[in-house]
Trainee: 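Below is a structure I'd like to ask you about.
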2 protein chains.
Amino acid sequence: MSNDNKKISLAVVRRLPRYYRYLYDLLQSGVTRISSRELSEKMGVTASQIRQDLNCFGGFGQQGYGYNVQNLFNEISKILGTDHRFNVIIIGLGNMGHALANYENFKKRGFDIIGIFDIKPELIGTTVNNIKVMHMDELDEFVKNNRVDIGILSVPYGQTPAIADRLGRLGVKGLWNFSPMDLKLPYDIEIENVHLSDSLMVLGYKIDSKMKK
Amino acid sequence: MSNDNKKISLAVVRRLPRYYRYLYDLLQSGVTRISSRELSEKMGVTASQIRQDLNCFGGFGQQGYGYNVQNLFNEISKILGTDHRFNVIIIGLGNMGHALANYENFKKRGFDIIGIFDIKPELIGTTVNNIKVMHMDELDEFVKNNRVDIGILSVPYGQTPAIADRLGRLGVKGLWNFSPMDLKLPYDIEIENVHLSDSLMVLGYKIDSKMKK
DNA sequence: ACTAGTATGTGAAAATTATAACATACTGAA
DNA sequence: TTCAGTATGTTATAATTTTCACATACTAGT
C-alpha cells in the first residue's frame, strides 16, 4: 500500500520529477523495460539510489527483469499527483507572469491555469493564452467560487507578503513564490520558492570556485 | 585565508544567497550587528548551522559581539562573486527570455546581460531593456569578441542540447538552463538547471501528501 | 525442467550533513 | 579594572542520506 506513514524525505521528493522526465522520454523512445543500472547510467546517479527512492513508495520492479517503463511512469505520475489536476491562478501579469501563463509544460504535468489577476486597468478583461485576466478586487470572490489549489506569486517584491497572506487566508493550498524572499505564513499552506537570482548566484560561485583551482 | 582547499559542500553553497538576502535586508534596516542566534530566529535555521556555514569561509565574527552586518555582507558578497561582474547572454527571446531580460534583480547581484540572441527576423536589431537583440548567426563572433561568462538557455526544448553544445564549444563558463532536461556536455562548463515544472510538481506533491495525513 | 544469468528489495555500512556542547575570548556596565 | 554576561569557533555527537552487499526471485535459453 502506498499509504505508508513513514515520512518521505524532501531529498527523495525533489528527485521524483527527474524520474518522471526520464521515464517519459523512455516511453517516447519506445523502451518498454529498464533496470535500475541502465537508468542510473542515463541519469548519472547510482542504481542503489534509484532502487531506494522507488522503494519508499512501493516495489514497482521485478527481480531478474527490472522495471516496466509504462508501469513505473504511471506510478511516479500517481505519486506526483498527475493522476488528477491542480487548479492554479497567477497573481501579477508582469514579464514573469506573462511567461508563466504561456508555458505549455504546466498543463502537460497536471496544472491548469484558471485565472490571472493584476491591477493594471488596461490588462483587465483581456486574455493571455486563453486565460481571463481579472482585477485583484475580484480575487476573493473568484477563490470562493472556484477551487484554487495553487497561487503563483509573480508580483513586485514589496507587494508579495501582503498578497501571500491574502491567499493564505483565502485557503489556497500552495504558493509558488517568485519573489526573492522567504515567505512565512500563519496558515496551513505549502510554499515552494523559486528564487531565480539565488540559482544564478550559485552558478556564479561554481564558475569562480573552479577558476581558483 | 579564504583559499582553503577543503571542499565546500553544495548544501552550504546553496544557502549562501539566502544569507546574502537576509544580510542585505538587515543593512537596509540599519542593523549594524547580529548574533548567529538572532539571525537563526529570523531565518528559521539553527544558530549552529549559521556558524558552521560561515566558518567554511573564515571567522567573520567576534566572541561576545556577534557579526558586523556590513562586514559579513561584504564577505558573503565576495564569496558569491558580487565583488566582480559576470557577463551574461540570453539565448532565446521567447516569453521566458523576455522576462529574464527585464528582471532588474540580476544586475543588482552582479550579472550584466550584454546580449540577446534569437532567430526571429522581426526581433533582430530591436532592443529589450536596452540590450541589443542579435541573430544566432552572430553568436560565435560575439562570444569571440566579448567575454561571455554565462549563457542563459531559454530556447525551445528540442533546440536546447545543440545550442548548449555550441556555447560549450565557444568556451562559455556556465549555462543557466531553463529547459526541462538535464544537460550533459563534454566541456569544462558549469551548469545550473532551473526546472520550473519540477519545482511546481514538488509543490503539488507537498499539497497532496498533507491532504492524506 | 534445469540452470546460468540478472536485477530487485532490503538491511547494514559508510559518508555526509546538521545539531549540540563547550572552551575561549570579547563586551560593557559598574 | 573587574566580572558577569554573551557569543564565537570548533570539536563531538546525532541524524540523515547515500552507497554497498547480498539473499531472494524471476528470466530466458537449452
Side-chain angles (χ1 to χ4, degrees), chain A residues 1-2 4-19 22-23 26 31-76 79 202 205, chain B residues 1-2 4-19 22-23 26 31-76 79 202 205:
Chain A
M1 200 141 324
S2 73
D4 290 338
N5 54 358
K6 62 165 181 269
K7 175 103 177 307
I8 311 293
S9 85
L10 193 57
V12 173
V13 173
R14 291 208 178 280
R15 282 194 290 267
L16 293 177
R18 192 146 183 268
Y19 293 125
Y22 276 83
L23 290 166
L26 286 169
V31 179
T32 56
R33 67 181 263 194
I34 194 158
S35 68
S36 59
R37 187 185 49 75
E38 288 173 292
L39 189 55
S40 78
E41 282 161 13
K42 279 191 190 297
M43 296 183 68
V45 298
T46 64
S48 195
Q49 182 167 75
I50 292 174
R51 293 203 299 278
Q52 285 272 21
D53 283 355
L54 297 179
N55 255 90
C56 293
F57 302 96
F60 305 134
Q62 196 158 50
Q63 283 156 323
Y65 176 87
Y67 300 89
N68 177 283
V69 174
Q70 179 71 64
N71 175 250
L72 187 53
F73 178 75
N74 292 347
E75 292 290 350
I76 300 272
I79 292 162
V202 169
Y205 175 89
Chain B
M1 198 145 323
S2 73
D4 288 340
N5 55 359
K6 64 167 178 270
K7 175 101 176 308
I8 311 292
S9 85
L10 193 58
V12 173
V13 173
R14 291 209 178 280
R15 282 194 291 266
L16 292 177
R18 189 143 185 270
Y19 293 126
Y22 276 83
L23 290 166
L26 286 169
V31 179
T32 57
R33 65 180 264 193
I34 194 157
S35 68
S36 59
R37 187 186 48 76
E38 287 173 292
L39 189 55
S40 77
E41 282 162 10
K42 279 191 188 296
M43 295 183 68
V45 298
T46 64
S48 196
Q49 180 168 75
I50 292 174
R51 293 203 299 278
Q52 285 269 26
D53 283 354
L54 297 179
N55 256 88
C56 294
F57 302 96
F60 304 133
Q62 196 159 50
Q63 283 157 324
Y65 176 88
Y67 300 88
N68 176 284
V69 175
Q70 179 71 65
N71 174 250
L72 186 53
F73 178 75
N74 292 348
E75 292 291 350
I76 300 271
I79 293 162
V202 170
Y205 175 89

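Below, chains carry the letters A, B, ... as their sequence lines are ordered, and counting in each starts from 1.
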Trainee: Salt-bridged, Glu38(A) to Lys42(A), with N to O below 4.0 Å?
Mentor: no

Trainee: I want to check something: taking the side chain as every heavy atom from C-beta on, are Val45(A) and Arg15(A) in contact at a cut-off of under 4.5 Å?
Mentor: no

Trainee: Name the residue closer to the 5' end of DNA chain D, choosing between Gly59(B) and Val12(A) according to the nucleotide with the nearest heavy atom.
Mentor: Gly59(B)

Trainee: For Arg37(B) and dT8(D), what is the distance between atoms CZ and P respectively, to the nearest whole Å?
Mentor: 9 Å

Trainee: If you find the nucleotide of DNA chain C closest to Ala11(B) and the one closest to Gln62(B), which residue's nucleotide is nearer the 5' end?
Mentor: Ala11(B)

Trainee: May I have the distance from Gln63(B) (atom CD) to dT8(D) (atom C1'), rounded to whole angstrom?
Mentor: 4 Å

Trainee: Mapping Ile34(A) and Ser9(B) to their closest nucleotides on DNA chain C, which lands nearer the 5' end?
Mentor: Ile34(A)

Trainee: Tell me the interatomic distance from Gln49(B), atom CD, to dG9(D), atom C1', rounded to whole angstroms.
Mentor: 16 Å

Trainee: Given side chains that start at C-beta, do those of Arg14(B) and Tyr205(A) come closer than 4.5 Å, heavy atoms only?
Mentor: no

Trainee: CD of Gln52(B) versus C1' of dA14(D): gap in Å, rounded?
Mentor: 13 Å

Trainee: Is the closest side-chain heavy-atom distance between Phe57(B) and Val12(B) below 4.5 Å?
Mentor: yes

Trainee: Starting from C1' on dA25(D), measure out to CZ on Phe60(A) and report it in whole angstrom.
Mentor: 19 Å

Trainee: Students should find this one: the first and last nucleotides of DNA chain C, 5' to 3', lying under 4.0 Å from a heavy atom of chain B. What are they?
Mentor: dT17(C) to dG28(C)

Trainee: So do the side chains of Phe60(B) and Ile76(B) get within less than 4.5 Å of each other, counting heavy atoms only?
Mentor: no

Trainee: Side chains of Leu23(B) and Val69(B): closer than 4.5 Å at any heavy-atom pair?
Mentor: yes

Trainee: Rounding to a whole Å, what distance do you find between Arg14(A):CZ and dT18(D):C1'?
Mentor: 18 Å

Trainee: State whether Arg15(A) places a side-chain N or O below 4.0 Å from either non-bridging phosphate oxygen (OP1 or OP2) of dT18(D).
Mentor: yes

Trainee: Between atom CD1 of Ile79(B) and atom CG of Leu54(B), what is the distance when rounded to the nearest 0.5 Å?
Mentor: 7.5 Å

Trainee: Measure the distance from OH on Tyr65(A) to P on dT27(D) and round it to the nearest whole Å.
Mentor: 9 Å

Trainee: For Ser48(A), which contact category applies under a 4.0 Å heavy-atom criterion: base, sugar-phosphate, or nothing?
Mentor: base

Trainee: Once you round it to whole Å, what is the distance between P of dT8(D) and CG of Leu54(B)?
Mentor: 9 Å

